[in-house]
Amino acid sequence: MVKIDLSFVENLTLKERAALVSGKDFWFTAKAPQVDRMMVSDGPSGLRKQNIDDPSIKDVNNSVEAVCFPSSALTASSFDDQMLYQLGHHLGVAANAEHLGVLLGPGVNIKRSPLAGRNFEYFSEDPLLAGRMGTAYVKGVQDEGVGVSVKHFAANNRESQRFTSSSNINERALREIYLSQFERIVKLAHPATIMCSYNRLNGTLNSQNQRLLTDILRNEWGFEGLVMSDWGAVENHVAALKAGLDLEMPGKGQESVDEIVAAVKNGQLQESTLNRSVLRVLQVVEKWGKKVTKANDYDKDKQHEFARQLADDSIVLLKNSDNQLPLKDDQSLAVIGELAQKPRFEGGGSSHVNAHHVVTPLDAAPNNAHFALGYRLTDDSEDNQLEEQALKLAQNNDRVVFFAGFPENMETEGIDKETISLPSNQNTLLEKVIKVNPNVTVVLQNGSVLEMPWADKVPAIVETYLAGEAVGEATWDILTGLVNPSGKLSESFPLRLEDNPTYGTFGKDPENEDYHEGIFVGYRYYDLHKIPVRFPFGHGLSYTQFGYSDLTVVENNDDVKISFKLTNEGKRSGKEVAQLYVSNHVSRVEMPAKELRDFAKVELDPGETKTVTMVLPRRAFAYYDVNKQQWKADNGDYEIMVGSSSRDIRLTAKFELTIGTSPLGPITDESYVGDVWNNNDSKVQNALHDSGLYDVLEPMMADKQWVAISSNVPLRSLALAGISKKVHDKFFKLLEQ
Ligand code: BGC
């Protein structure tokens, strides 16, 4: 095999090089002398490899059969890094067998608005969770010798006008919410490629965004891989190459080659810039394009079993009053809803998989189940005859399992939603069913959050999201108790769409999306404003109960170690996702009430206790300091919160961080009297005393009201308090010494 280095690149003709920085076609990189083409295909929840073996098939959506795993909305609910690694592993095995060099996924954008059309394909509203899930997934795929493309970089949080609209975000929110999951994945999992998104960021197209693609991604985070464009995201190829994009996808054929050749010839594009990108393309092809055939490892039935386990590990038991679930063998069952027969198990668009073996909930239903269609998915009008049959069935059976969810056309790439209400025929029928038989379990199939006006009236709700091709088996695993549920919500379910901070502004302006809520996305917003939600972030029940105790917090030289005990207090084995949140009480910038900083999924037998230890690095206490353009952890008061969800905190401990830096800057004339007075630095205290400032301030600081006022008086205005310029100057002189 030829050695790929800069001199190899320099020996290629200009035309050959120009051809390499664009895709040969929809799915292949271009060939070069002694370098073969490499195929890429979509993920993230299964392969969407176009069926290229049959030349009569021109449809990009006609893909080879592959196992359809649960969509990311569900897999993130596992809160299980190991499971995500395993998912990556299986995808890698499949991609290898199908001779793919790079898998286009995972998508790690943040769920900012419940209306965003692609939420089903993304992990979370929380960047730590999205970053952890993404990191594990990427490692799993790449450990199989297949590269990934982490997408869509960055701030691609809506589908409407996704090619042109500008995501206008302040720097702090950008760093903390919209970039930090990418940063984590880049630093910890070293993805082969990053896919830049269609949209603009603060006015600049991402495909030509030098700050994003070069300054931040490469220079700050040390990314060494290739940046490819989302399909059709490039407007000006030359500008894109200069900004740090390497590969335009899918490429415009000869036109792409000609424009690059011309740009080099007329001096618009330096050869060194072109060569840099050519080298990156060839390095990726060299590293990930060669396939060691492991086709024998690729067993779709085994992968189907994993798809089932992953769904089992992720499905969220939202509500379970009076132990409605698990269902008992001797209870007769009415299964209602077309979704039991024609389940939603995947989203629409580029992530659509030609599933290997779909098992519907109806296929997998126990023998004591009787079925009624109830409603149709094709339109939302009520059908009296179907309703009557369903009500009769509900009346004549002990328990009802009602399947509800969004129809496919509501959740697909390329369009945003207009509502998060279920189709009205489903809501109406459900209300009627509850009246004839209150023992209803609602099973939800949806890609993202929905309103549940009936939630208080049903005893049990199970969120299965888009559960992949093993949807039927996994649903009954949970309902019958074969599997003890352990999924937790990776997003908050508001009571109403109107409660979300983006309500009324999301998608309104075709060309601008203003992220006016800043860092207050998801629970960061609801919790700060104490807004009641239907189900909070991190929520999920089990058929057993877990107890939390013995929280300790110890600060070390570089990190903070937190330990607590977790006990299974119930009668059956189960897994709990213990969540650690940090509340910052010191920093003088706006702060959410708390932020997720670590989590662990722990398996416990009945009666068993395990000690869980989490180590938080300094960064876990940091916010992005916009003025200094760096992460800053302030010394001072924090609260550690450990719990079973963001609103079920079981243990708290206050503690003072000392491994960070002072929350106050150096003392200047702008510093406030109160801050200087309370500054513990011995130099400051000595200057206060020796200048005489201490003596004149002391009586005032003893006065409660003046103390409050003093926090608003800067040193330059000491005269207000009758303090002479002489004392003021002496204080500063002493401080300088
Ligand atoms: C999507 C990407 C996808 C690409 C190729 C684009 O429209 O945004 O996620 O990887 O198409 O199918």
Side-chain angles (χ1 to χ4, degrees), residues 316-328 331-344 360-362 364-366 368-411 417-447 449-465 471-472 475-476 478-480 493-498 534-535:
V316 189
L317 178 60
L318 292 174
K319 183 173 178 190
N320 191 21
S321 307
D322 307 324
N323 296 327
Q324 181 76 199
L325 295 176
L327 300 166
K328 322 254 172 331
Q331 292 164 338
S332 61
L333 296 179
V335 172
I336 298 175
E338 193 177 10
L339 283 164
Q341 193 178 51
K342 290 191 190 147
R344 283 280 323 287
T360 73
L362 202 53
N368 53 345
H370 310 277
F371 175 65
L373 204 62
Y375 58 81
R376 288 193 199 283
L377 290 161
T378 39
D379 71 281
D380 59 7
S381 59
E382 290 156 46
D383 180 320
N384 290 340
Q385 206 188 338
L386 291 183
E387 280 198 4
E388 253 171 55
Q389 287 164 359
L391 292 174
K392 208 161 161 206
L393 200 70
Q395 225 160 8
N396 294 337
N397 284 281
D398 300 326
R399 294 280 190 264
V400 178
V401 179
F402 190 100
F403 285 82
F406 294 127
E408 189 164 5
N409 60 6
M410 260 184 89
E411 285 180 313
K417 287 189 210 163
E418 286 172 8
T419 168
I420 58 167
S421 297
L422 287 176
S424 60
N425 56 356
Q426 294 188 31
N427 277 338
T428 316
L429 176 61
L430 179 52
E431 296 276 0
K432 289 182 184 168
V433 168
I434 296 165
K435 286 202 178 114
V436 300
N437 185 343
N439 289 312
V440 178
T441 294
V442 178
V443 175
L444 295 168
Q445 294 176 359
N446 48 296
V449 302
L450 51 93
E451 288 169 349
M452 303 177 210
W454 32 259
D456 293 335
K457 298 182 205 159
V458 294
I461 307 173
V462 178
E463 176 56 87
T464 69
Y465 280 108
V471 51
T475 301
W476 291 105
I478 298 294
L479 294 178
T480 59
F493 274 58
L495 281 171
R496 313 166 313 152
L497 177 63
E498 291 86 332
R534 180 66 71 193
F535 295 109

Look only at the side chain of E338 and the backbone of L377, and say whether a donor-acceptor pair between them is shorter than 3.5 Å.
yes
Would you name the heavy atoms of D379 and N425 that are closest together and state the gap between them?
O-ND2, 3.0 Å
Side chain N323, main chain L325, donor-acceptor under 3.5 Å:
no
Is the backbone of Y465 close enough, under 3.5 Å, to the side chain of E463 for a donor and an acceptor to pair up by distance?
yes
Checking F535 now: which residues fulfil ring pair (Phe, Tyr, Trp, His ring centres under 6.0 Å) with it, not counting sequence neighbours?
H539
Contact between V443 and W476 at the side-chain level, heavy atoms closer than 4.5 Å - yes or no?
no
So, the side chain of T441 versus the backbone of V401: is there a donor-acceptor pair under 3.5 Å, distance only?
no
So which heavy atom on V442 is nearest to which on A404, and how close?
CG1-CB, 4.2 Å
With no hydrogens and no angle check, is any side-chain donor or acceptor of Q426 less than 3.5 Å from a backbone partner on G405?
yes
What one should report as the nearest heavy-atom pair of P343 and A340 is CD-O, 4.4 Å
Whether N320 side chain and A460 backbone form a donor-acceptor pair below 3.5 Å
no
Looking only at the side chains, is there a donor atom on one of N368 and Q331 sitting less than 3.5 Å from an acceptor on the other?
no
Any sub-3.5 Å donor-acceptor pair from N446's side-chain atoms to F406's backbone N or O?
no
Is the shortest distance from a Lys or Arg side-chain nitrogen in E411 or K417 to a carboxylate oxygen in the other one below 4.0 Å?
yes
Does K392 reach the side chain of N396, with side-chain heavy atoms less than 4.5 Å apart?
yes
Does this structure show an ion pair linking E431 with K457, if we count only N-O contacts that are shorter than 4.0 Å?
yes
R399 side chain to L327 backbone, donor-acceptor under 3.5 Å
no
State, yes or no, whether a side-chain contact exists between V440 and W454 at a heavy-atom distance under 4.5 Å.
no
Whether over 12 other heavy atoms sit under 6.0 Å from K435 NZ
no
List in chain and number order the residues that pass side-chain hydrogen bond (donor to acceptor under 3.5 Å, both in side chains) with T360, two or more places apart in sequence or in another chain; answer none if no residue qualifies.
D363
Using a 3.5 Å distance criterion without hydrogens, assess whether the side chain of D383 forms a donor-acceptor pair with backbone atoms of G374.
no
Any sub-3.5 Å donor-acceptor pair from T464's side-chain atoms to L444's backbone N or O?
yes
Does the distance from a Lys or Arg side-chain N to an Asp or Glu carboxylate O, for E387 and K432, drop under 4.0 Å?
yes
Tell me which one of L450, I420, T419 satisfies side chain to side chain contact (heavy atoms under 4.5 Å, CB included) with L497.
I420
